[in-house]
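Quick notes on the structure that follows.
Letters go in sequence order (proteins before strands), and every chain restarts at 1. Both backbone and side-chain heavy atoms feed into the values below; hydrogens, waters and symmetry mates do not.
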Amino acid sequence: MPAYHPQRIETKWQQYWESRQTFRVADLVPDKPKLYILDMFPYPSGAGLHVGHPEGYTATDILCRYKRMRGYNVLHPMGWDAFGLPAEQYAIQTGTHPRITTQKNIDTFRRQIKALGFSYDWSREIDTTDPDYYKWTQWIFLQLFDTWYDPSFKWTDAEGRPRTGKGRPIAELPIPEGCADPDAYRDSKRLAYRAEVPVNWCPALGTVLANEEVIDGKSERGNHPVVRMPLKQWMLRITAYGDRLIEDLELVDWPRAIKDMQRNWVGRSEGAEVDFKIKIEHDFDNWRQARQASPWPEEIPGDVIRVYTTRPDTLFGATYMVLAPEHPLVDRITTPEQRAAVDEYRRQAAGKSDLDRTDLAKTKTGVWTGGFAVNPANGEPVPVWIADYVLMGYGTGAIMAVPAHDERDFEFAKTFGLPIRPVVSPTDSWLAAHAPEGTADPRASYDRDPGSFPEAFCEEGIAYNSRNPELVLDGKSTPDAKAAMIKWLAANRLGRKTVNYKLRDWLFSRQRYWGEPFPILLDREERPRAVDVSELPVRLPEMDDFKPSSSGKPEPPLAKAADWVNYSDAYVRETNTMPQWAGSCWYYLRYIDPKNSEHPWDPEKERYWMPVDLYVGGAEHAVLHLLYSRFWHKVLFDRGLVSTAEPFQRLVNQGMILGETEYTAYQDEQGRWVSAAIVQEREGGGFVSREGRGEARPVSPVKLPEDRVVKKGEGFVLVEDEAIRVDARAHKMSKSRGNVINPDEVIADYGADSLRLYEMFMGPLEATKPWSMKGVEGVYRFLGRAWRMIVDDRADEVTLSPQVQDVPLDADAAKVVARTIAGVTDDLEGMRFNTAISKLMEFVNVFTGRDVRPKAAMEAFTLLLSPMAPHLAEELWQVLGHDETLAYEPWPSYDPALLVDAEVEIPVQVNGKLKGRILVPAEATEAEVEAIARADEKIAAAIEGKEVRKVIVRPGKLINFVVAG
RNA sequence: GCCGAAGUGGCGGAAUGGCAGACGCGCCGGACUCAAAAUCCGGUCCCCGCAAGGGGGUGUGGGUUCGAGUCCCACCUUCGGUACCA
């Protein structure tokens with residue numbers, strides 16, 4: 001009977017922990033150091049827990065349990081990111097209220113997570129859809145609404161660095177003199193503001209779609225037409241924090257890859273804005289004089305095209321301009337002759353989603369407007385085109401095209417026969433490498449026609465062909481030429497230096513039901529006003545119809561709740577809701593003080609717990625969630641509501657868990673095997689084989705069991721025909737592939753401890769790795785061996801094995817124990833769980849081979865095992881005679897002297913090649929080691945008759961003879 | 001295309017610049033058993049050899065070093081992210 005029986009043990013200890021509140025954490029414990037270890041909370045989907053979830057959760061749980069035993073006060077909470085589209089779509093289909101679905105899913109997730117035995121403090125559980133939670137999400141939104149960004153505000157950060165730019169209360173915003181409408185001015189400066197933004201409106205579905213849901217201008221569901229139309233939406237001014245989001249990455253301990261991604265996403269670039277006068281009559285000279293005499297206009301005047309460029313040094317090479325099709329000046333500049341073509345092009349562009357315009361479009365398209373503008377550097381007229389390779393959302397939505405030195409402009413100019421004027425001289429090596437074959441004098445032919453080269457020269461170089469009566473760039477390097485051009489432009493009010501970001505302001509509203517309502521009222525002129533804090537939360541109105549609008553225009557479902565919308569005679573409620581990101585942007589703060597009804601969190605508790613010391617989650621959140629959270633946190637910091645500049649001090653990304661490795665062979669229509677080497681996946685699904693230049697023939701994949709394939713050379717082949725290559729690959733788990741592992745089933749078969757242990761034993765936490773049920777069995781067997789090492793498996797009751805005796809440790813045993821403690825401790829500190837487990841396995845392999853197992857060794861082992869397999873460890877601890885949980889037992893210690901051996905075996909090399917091994921005293925000097933090595937028969941033979949030029953001795957490590965001949 | 005990560009036995013993986021393959025899976029052999037399962041013991045990178053022993057080996061090609069899986073350069077492959085960002 002008392003074989004290792006995880007199901008019995010695990011429920012027993014889960015109940016024990018729950019009933020005694022073993023892991024409830026006190027807020028402020030002055031004599032203990034604090035540690036805040038956080039998991040990314042899950043979206044409770046209807047599919048239930050996935051084996052990917054427990055990977056990160058197990059890792060953090062191990063650390064928490066380990067750190068508690070080392071005397072830390074550990075905050076380790078869990079909650080639910082529960083707003084979101086699936087519950088709403090389910091509601092539309094079935095009429096079930098999203099709250100019901102969400103609650104059901106949460107209950108499932110909670111049950112599954114609890115079955116894994118994690119040491120969360122469940123009294124701190126939060127749910128983003130709970131009005132007591134979203135009350136504070138709304139409250140934080142009001143802070144954003146109440147804040148403007150002062151880019152010139154000087155302050156000093158916690159590291160003592162001088163900083164510029166800070167969010168300040170809107171009441172402190174200086175109103176410019178003579179401002180006709182101070183309220184409108186304030187509204188235009190808030191971090192939360194309203195703007196017209198195009199959305200993908202699908203009239204047939206009556207709903208607004210995300211970019212991913214639009215394919216080829218049609219809806220993914222139902223294939224209905226989708227149009228882009230402007231809609232008034234809430235935006236968050238994250239771009240104001242672009243520099244700080246980049247700079248403060250220096251303060252955190254995150255993987256370099258994630259920091260790089262964030263930097264790229266923000267995409268800061270330095271360049272210049274330049275104004276090109278629209279050429280209507282011959283008025284350029286007059287305009288220049290007027291410009292010189294007045295300040296730089298912040299608002300773009302109606303008669304100029306303002307462009308952004310990172311290469312102002314190439315302005316003399318700007319031979320045409322391109323506007324985005326949506327650019328407001330298109331109408332004004334288009335000539336009557338070109339009107340029809342321009343309108344048609346714009347109509348086509350409007351039918352394409354952003355993805356279509358970028359992803360699929362390989363060749364450049366565009367239309368001339370018929371209009372011209374004037375190049376401010378040389379006064380030459382340049383034609384103005386529209387093309388969808390210029391995006392309205394970046395820079396100013398207009399570019400100066402320098403085809404000689406920009407790959408996209410080069411391609412466009414060649415397509416439409418526009419002039420290409422070189423203004424940066426390429427290096428000789430570039431010319432030699434890129435000149436078309438047979439070019440006698442590459443430089444001469446480049447200067448004559450850069451278009452004859454296959455690509456543009458986009459690197460830095462020496463300027464030429466760049467002079468006007470006031471400015472000479474010729475001979476200057478690119479950085480010098482940029483500086484000179486910017487200086488000249490600024491002096492003549494034709495341009496100025498600017499910084500630009502790829503990052504756009506954050507579109508923060510959704511036309512959905514299942515999200516946080518905005519705490520905002522709109523007056524008759526649609527001016528926003530904050531709901532009074534005393535009226536928070538603004539609850540979602542009860543509705544039983546979640547269907548999209550039938551009004552024929554994009555309208556959020558909340559618009560149908562008439563009583564709710566009509567706040568008073570003067571005001572209506574905002575009917576958009578917040579995106580799913582909102583609740584997850586600040587949840588780590590609410591865990592600190594989850595029940596506080598007066599404040600989002602208590603400032604003293606915030607100072608105690610923040611920052612989060614370790615944050616673990618999937619890399620798919622590397623950019624958006626982490627960037628958005630950091631942005632909110634910085635606003636809260638600027639407003640004095642949190643004490644740290646960054647929320648997450650250390651970040652670790654767990655890798656993805658793939659399905660079991662699959663072997664796939666291919667058969668043609670006659671059922672003949674086709675080698676995977678000649679099979680290609682076709683776009684839009686299906687596979688074809690292609691032999692040499694032959695016809696592509698359709699083939700179908702066939703899944704093979706492991707014993708039908710064999711390794712040959714680089715890959716796998718069929719056992720019965722080794723000429724047939726077989727694909728061997730693990731795939732992402734997905735319902736459609738049928739390779740999803742359900743954690744409930746693993747727990748039922750092997751227990752939670754085995755699941756936990758296996759997920760940690762698979763490999764490094766950060767790595768992507770394939771699942772293997774055989775691997776689960778392996779760790780299950782290990783736990784069984786650990787059980788039998790301590791428990792008498794032949795007795796009727798669970799009792800201590802007679803081999804476990806209260807005897808002192810002999811020298812060897814003491815060494816094994818000390819080494820295991822040292823190794824496991826070190827591995828846990830470094831989050832190397834896989835090697836920590838292998839050290840425990842080695843320990844068991846040693847002691848199961850012994851007839852007498854000292855009790856002290858067994859106790860140390862049990863404590864070392866407990867963070868990873870807590871249920872089994874608690875049971876063993878009890879069998880070893882203890883009444884209380886081991887969760888707060890001190891972590892085992894050891895005598896460091898035991899790690900040092902008196903004698904060590906070291907390798908002997910001759911010219912770096914291993915020739916033998918010798919046993920030397922650990923304290924032996926270099927000369928002694930050399931003498932022992934020379935005395936060794938094999939070594940003596942290996943160096944006999946050769947000149948020993950040098951002897952390298954690493955005491956306790958190795959000896960290497962460098963010989964000649 | 002750009003950015004990032006990774007390439008080590010049949011498989012997952014281990015190795016502060018110092019004995020490559022710890023630990024686990026799988027496989028082979030043995031013990032226990034009437035038999036099987038479970039369990040226990042031994043073996044298992046490749047090649048030559050009965051053995052002792054010898055030789056080769058960490059994606060490819062160079063380099064640094066007494067010594068390279070590890071550091072540097074170039075390339076190849078796979079995975080992840082991103083995508084006309086002016």
Looking only at side-chain atoms of [X], point me to the closest of [options].
{"X": "A:D388", "options": "B:rC84, B:rG81, B:rC66", "value": "B:rC84"}
{"X": "A:T835", "options": "B:rU16, B:rG81, B:rA15", "value": "B:rA15"}
{"X": "A:K957", "options": "B:rG26, B:rG10, B:rU16", "value": "B:rU16"}
{"X": "A:K364", "options": "B:rC3, B:rG13, B:rC84", "value": "B:rC84"}
{"X": "A:R788", "options": "B:rC40, B:rG10, B:rA86", "value": "B:rC40"}
{"X": "A:D260", "options": "B:rU82, B:rC3, B:rA14", "value": "B:rC3"}
{"X": "A:F761", "options": "B:rC3, B:rA20, B:rG24", "value": "B:rG24"}
{"X": "A:R729", "options": "B:rU39, B:rA86, B:rC79", "value": "B:rC79"}
{"X": "A:E842", "options": "B:rC19, B:rA22, B:rG81", "value": "B:rA22"}
{"X": "A:I399", "options": "B:rG26, B:rC66, B:rA86", "value": "B:rA86"}

In whole Å, what separates the [atom1] atom of [N] from that of [M]?
{"N": "B:rU8", "M": "B:rA22", "atom1": "P", "answer": "16 Å"}
{"N": "B:rC72", "M": "B:rU64", "atom1": "C1'", "answer": "7 Å"}
{"N": "B:rC48", "M": "B:rA14", "atom1": "P", "answer": "31 Å"}
{"N": "B:rC47", "M": "B:rC40", "atom1": "C1'", "answer": "34 Å"}
{"N": "B:rU77", "M": "B:rC28", "atom1": "P", "answer": "38 Å"}
{"N": "B:rC75", "M": "B:rC25", "atom1": "P", "answer": "42 Å"}
{"N": "B:rC46", "M": "B:rG9", "atom1": "P", "answer": "12 Å"}
{"N": "B:rA74", "M": "B:rG81", "atom1": "C1'", "answer": "25 Å"}

### Query
Under the rule syn = chi within 90° of 0, otherwise anti, which is B:rG80?
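Judged by the O4'-C1' to base torsion, B:rG80 sits in anti, the angle falling more than 90° away from 0.
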Can you say whether the rings of [X] and [Y] are parallel (under 30°), tilted (30 to 60°) or perpendicular (over 60°)?
{"X": "A:Y4", "Y": "A:W787", "value": "tilted"}
{"X": "A:W385", "Y": "A:F416", "value": "tilted"}
{"X": "A:Y780", "Y": "A:Y750", "value": "perpendicular"}

Nearest-Å distance, [atom1] ([X]) to [atom2] ([N])?
{"X": "A:N845", "N": "B:rG24", "atom1": "CG", "atom2": "C1'", "answer": "10 Å"}
{"X": "A:R954", "N": "B:rC19", "atom1": "CZ", "atom2": "P", "answer": "12 Å"}
{"X": "A:E411", "N": "B:rG1", "atom1": "CD", "atom2": "P", "answer": "15 Å"}
{"X": "A:K913", "N": "B:rA20", "atom1": "NZ", "atom2": "P", "answer": "11 Å"}
{"X": "A:I959", "N": "B:rC66", "atom1": "CD1", "atom2": "P", "answer": "16 Å"}
{"X": "A:L503", "N": "B:rA83", "atom1": "CG", "atom2": "P", "answer": "13 Å"}
{"X": "A:K774", "N": "B:rC27", "atom1": "NZ", "atom2": "P", "answer": "6 Å"}
{"X": "A:I906", "N": "B:rC66", "atom1": "CD1", "atom2": "P", "answer": "20 Å"}

### Query
Under the 6.0 Å and 45° cation-pi test, does A:K364 pair with A:F412?
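Not flagged: A:K364 not positioned over aromatic ring of A:F412.
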### Six-ring centre of A:F782, A:R785 cation under 6.0 angstrom, axis tolerance 45°
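No, A:R785 does not lie over the aromatic ring of A:F782.
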Identity of whatever pairs with [N] - Watson-Crick or G-U, under 3.5 angstrom:
{"N": "B:rU39", "result": "B:rA31"}
{"N": "B:rG24", "result": "B:rC11"}
{"N": "B:rC84", "result": "none"}
{"N": "B:rC66", "result": "B:rG18"}
{"N": "B:rA6", "result": "B:rU77"}

What contact category does [X] fall into here, base, sugar-phosphate, or nothing, at under 4.0 angstrom with non-hydrogen atoms?
{"X": "A:E706", "answer": "nothing"}
{"X": "A:S772", "answer": "nothing"}
{"X": "A:P255", "answer": "nothing"}
{"X": "A:G775", "answer": "nothing"}

### Query
So among A:I918, A:L914, A:I959, which one has a side-chain contact (heavy atoms from CB on, under 4.5 Å) with A:P907?
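With A:P907 as partner, side-chain contact (heavy atoms from CB on, under 4.5 Å) holds for just one option, A:L914.
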With respect to the phosphate group of [N], does any side-chain polar atom (N or O) of [X] fall under 4.0 Å of OP1 or OP2?
{"X": "A:S269", "N": "B:rA86", "value": "yes"}
{"X": "A:R785", "N": "B:rG24", "value": "yes"}
{"X": "A:K769", "N": "B:rG12", "value": "no"}
{"X": "A:N834", "N": "B:rA14", "value": "yes"}
{"X": "A:Y394", "N": "B:rA86", "value": "yes"}

### Message
Contact between A:I399 and A:Y308 at the side-chain level, heavy atoms closer than 4.5 Å - yes or no?
### Response
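No. Closest side-chain heavy atoms not under 4.5 Å.
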#### Entry: Base of B:rG80 paired with side chain of A:E620 (donor-acceptor, under 3.5 Å)
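Side chain to base: no pair present.
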### Query
Does any donor-acceptor pair link the side chain of A:R504 with the base of B:rC85 at a separation under 3.5 Å?
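Present.
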### Of A:A767 and A:V779, the one whose closest RNA chain B nucleotide lies more 5'
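In this pair, the answer is A:A767.
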#### Entry: Residue whose nearest RNA chain B nucleotide is more 5′ - A:R832 or A:R256
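Checking each residue's closest nucleotide, the 5'-ward one belongs to A:R256.
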### Considering all heavy atoms, the nearest A:V904-A:A922 contact
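Where A:V904 meets A:A922 most closely, the heavy atoms are CG2-CA, 4.2 Å.
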### Message
So, taking the atom named CG in A:L783 and the one named CG in A:L865, what distance separates them when rounded to the nearest 0.5 Å?
### Response
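Reported value, rounded in 0.5 Å steps: 6.5 Å.
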